[in-house]
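Below: one structure in structure tokens.
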Amino acid sequence: MPLTPDLAPITRHARAVYSSRLLIAAVHHLHVFETLATHPLSLSELRQRLGLSERPAMVLFPALCAMEMLKYDTEGRLQLTEVGHHLSRAAVPTLMDYVGLEKNDPGVIEMAERLLHDGPKYASTAGIAYVKDHEAPSPMDNPDEARRLTLALAGRAQCLAPIAAEFLPRHSGHLLDVAGGTGYFTYEWLLRNHEATATLLDRPSVLAVAAETLESFCKQHPEATSLSQRVRFMPGDMLEDTLPSADIILAASVFHDWPAYVCYTLARRFAEVLRPEGELWIHDAFLNDALDGPLAVTDYSAQLFWVTKGRAYSRKEYRHMMEAAGLTPLPMQFATQMDYGLIGAKKHFSKED
């Protein structure tokens with residue numbers, strides 16, 4: 001295991017700006033607290049009152065629960081907490097006006113618009129970060145932008161990949177690393193599985209960076225003499241192109257870029273190319289199954305909402321995706337660092353295999 005300390009305080013503080021925008025937008029633009037001031041509402045009723053679709057609701061409400069402003073009652077309805085009550089006009093004292101000092105901040109206004117429109121209010125000619133977007137050019141297909149975004153994620157991957165590789169199964173077969181970016185997760189896993197091979201799937205411009213990373217990685221690890229011969233770089237689109245069969249599929253920070261219906265499609269596509277007894281492993285930051293926190297992950301979910309088409313999901317939501325794809329969720333789960341963890345599912349033999 002690496003000796004690097006858990007760098008979660010850095011990422012938590014960097015993401016907190018999105019949480020602040022959520023809170024102020026909820027108070028002064030969506031009027032969440034005034035809507036709940038007199039009585040609790042079910043999730044569907046509150047969504048209808050506020051005009052929110054599923055994704056923004058599942059970003060906003062878990063965040064407000066994690067902030068201890070909202071909570072679920074015994075009937076599963078959302079209600080104000082004692083603290084949250086003081087963000088309504090009827091409360092004495094009320095902090096509505098104090099919070100409202102920042103209500104005209106451009107970031108707050110845009111957050112409110114994104115919540116109400118499930119994304120940017122106006123169509124953009126720019127693609128969404130990290131996502132192959134059919135509605136606009138993808139930044140990951142622009143060599144300069146792909147390099148910038150991929151290298152921006154490199155430090156996080158360097159911290160997390162060695163830890164994840166220790167928890168992932170030992171295997172002599174083939175690993176498919178989907179949207180693998182710099183490739184650090186693949187390289188660290190191959191370093192521990194000397195007979196295994198791997199395919200790194202990503203956009204062509206991203207793979208150019210991954211090839212450079214591999215060269216540097218091998219120089220830093222003299223024991224990795226055969227590693228470069230055991231990696232295949234495969235340009236492609238995981239949603240459209242034929243995927244190679246594999247014994248293990250790793251989806252590290254992949255699902256959270258997409259809305260739920262796309263996640264179900266991805267899980268199915270991955271399950272189809274898993275060999276019998278193969279395993280799908282998801283490395284991500286997970287919401288509580290009750291969708292009420294933790295705060296570090298709801299902050300991250302708000303950031304994902306801002307820069308991708310997705311959000312953070314709970315382990316329970318991932319289990320449903322994997323089961324719908326015909327996989328059996330594994331009972332073990334592992335914490336890595338920076339509020340991330342690993343969960344997996346297995347593909348069992350069937351009569352058709």
Side-chain angles (χ1 to χ4, degrees), residues 4-27 29-30 32 52 55-70 99 102-103 105-115 118-120 128-131 139 148-161 163-164 179 181-182 184 251-259 263 282-315 317-318 335-342:
T4 305
D6 192 344
L7 304 182
I10 296 174
T11 53
R12 289 174 184 173
H13 288 301
R15 296 164 178 163
V17 61
Y18 297 97
S19 182
S20 297
R21 290 172 180 171
L22 279 179
L23 176 62
I24 301 166
V27 175
H29 296 275
L30 275 69
V32 173
L52 295 180
R55 185 175 75 119
M58 290 299 96
V59 170
L60 179 61
F61 300 144
L64 296 177
C65 288
M67 295 177 208
E68 301 182 354
M69 305 295 169
L70 301 184
V99 171
E102 302 297 331
K103 68 181 181 181
D105 176 84
V108 171
I109 293 172
E110 185 169 354
M111 178 62 83
E113 291 176 346
R114 286 172 179 254
L115 288 167
D118 193 8
I128 305 293
Y130 316 122
V131 172
R148 182 185 72 83
L149 292 171
T150 303
L151 290 176
L153 301 179
R156 183 184 67 176
Q158 280 183 290
C159 292
L160 294 171
I163 308 170
T182 52
Y184 278 117
S253 298
V254 172
F255 285 89
H256 68 210
D257 284 345
W258 301 96
C263 293
I282 296 172
H283 185 261
D284 220 311
F286 305 108
L287 293 172
N288 298 336
D289 284 353
L291 300 177
D292 58 0
L295 184 60
V297 181
T298 60
D299 286 356
Y300 187 30
S301 190
Q303 182 186 33
L304 293 167
F305 175 71
W306 189 275
V307 301
T308 76
K309 292 188 173 184
R311 63 173 176 89
Y313 296 96
S314 67
R315 293 177 183 85
E317 289 175 296
Y318 279 118
T336 53
Q337 283 190 0
M338 299 165 67
D339 300 304
Y340 291 86
L342 273 166

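Throughout, residue positions are numbered sequentially from 1 according to the sequence presented. Just so we're clear, the structure is a prediction, and the values are computed from it rather than from any experiment.
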Task: Flag side-chain contact, heavy atom, 4.5 Å: Arg156 against Ser253 - done: yes

Open item on the list: Tell me the closest heavy-atom pair linking Met111 and Ala25, and the distance in Å.
Closed with: CG-CB, 4.4 Å

- [ ] Let me see the working for Leu153 and Thr182 under side chain to side chain contact (heavy atoms under 4.5 Å, CB included), right down to the final yes or no.
- [x] CA-CA 8 Å; Leu153 301 179; Thr182 52; over 6 Å; no

Task: Close side-chain approach of Leu291 and Ser314, heavy atoms under 4.5 Å - done: yes

- [ ] Mark yes or no for whether Arg55, through its side chain, and Gly310, through its backbone, hold a donor-acceptor pair below 3.5 Å.
- [x] yes

Open item on the list: I need the Leu304 CG to Lys309 NZ distance, nearest 0.5 Å.
Closed with: 14.5 Å

Open item on the list: In the structure I gave you, are the side-chain heavy atoms of Leu22 and Leu64 within less than 4.5 Å of one another anywhere?
Closed with: no

- [ ] Any chance you could lay out the side chain to side chain contact (heavy atoms under 4.5 Å, CB included) test for Phe305 and Leu115, step after step, and finish with the verdict?
- [x] CA-CA 9 Å; Phe305 175 71; Leu115 288 167; 3.9 Å; yes

TODO: Using a 4.5 Å cut-off on heavy atoms from C-beta on, say whether the side chain of Asp6 contacts that of Met338.
DONE: yes

Task: Non-hydrogen atoms of Lys103 and Ile24 that approach each other most closely - done: CA-CG2, 3.7 Å

Open item on the list: Testing the basics here: between Val108 and Glu102, what is the closest heavy-atom pair and its distance to 0.1 Å?
Closed with: CG2-O, 3.6 Å

Task: Arg12/Asp299 under salt bridge (Lys or Arg N to Asp or Glu O under 4.0 Å): CA gap, chis, key distance, verdict - done: CA-CA 7 Å; Arg12 289 174 184 173; Asp299 286 356; over 6 Å; no

- [ ] Establish, for the pair Arg15 and Tyr300, whether the NZ or CZ atom is under 6.0 angstrom from the six-membered ring centre and no further than 45 degrees off its axis.
- [x] yes

Open item on the list: Is there a side-chain contact between Tyr313 and Asp284 in this structure, where contact means two heavy atoms from C-beta onward sitting under 4.5 Å apart?
Closed with: no

Task: Backbone N/O of Ala63 and side chain of Thr298: donor-acceptor pair under 3.5 Å - done: no

Task: Any donor-acceptor N/O pair, Asp105 side chain to Gly107 backbone, under 3.5 Å - done: yes

Task: Whether Tyr340 and His283 hold their rings parallel, tilted or perpendicular, with breakpoints at 30° and 60° - done: parallel

Task: Reported NE2-to-CZ distance for the pair His29 and Arg21, which is rounded to 0.5 angstrom - done: 12.0 Å

Task: Shortest non-hydrogen separation from Met67 to Ser19 and the atoms involved - done: CE-OG, 3.1 Å

Open item on the list: So which atom in Ala312 and which in Ser301 form the shortest heavy-atom distance, rounded to 0.1 Å?
Closed with: N-OG, 3.1 Å

Task: Minimal non-hydrogen separation, Tyr18 against Ala302, with atom names - done: CB-CB, 3.6 Å

Open item on the list: If you define the side chain from C-beta out and look only at heavy atoms, does anything of Glu317 sit under 4.5 Å from Phe286?
Closed with: no

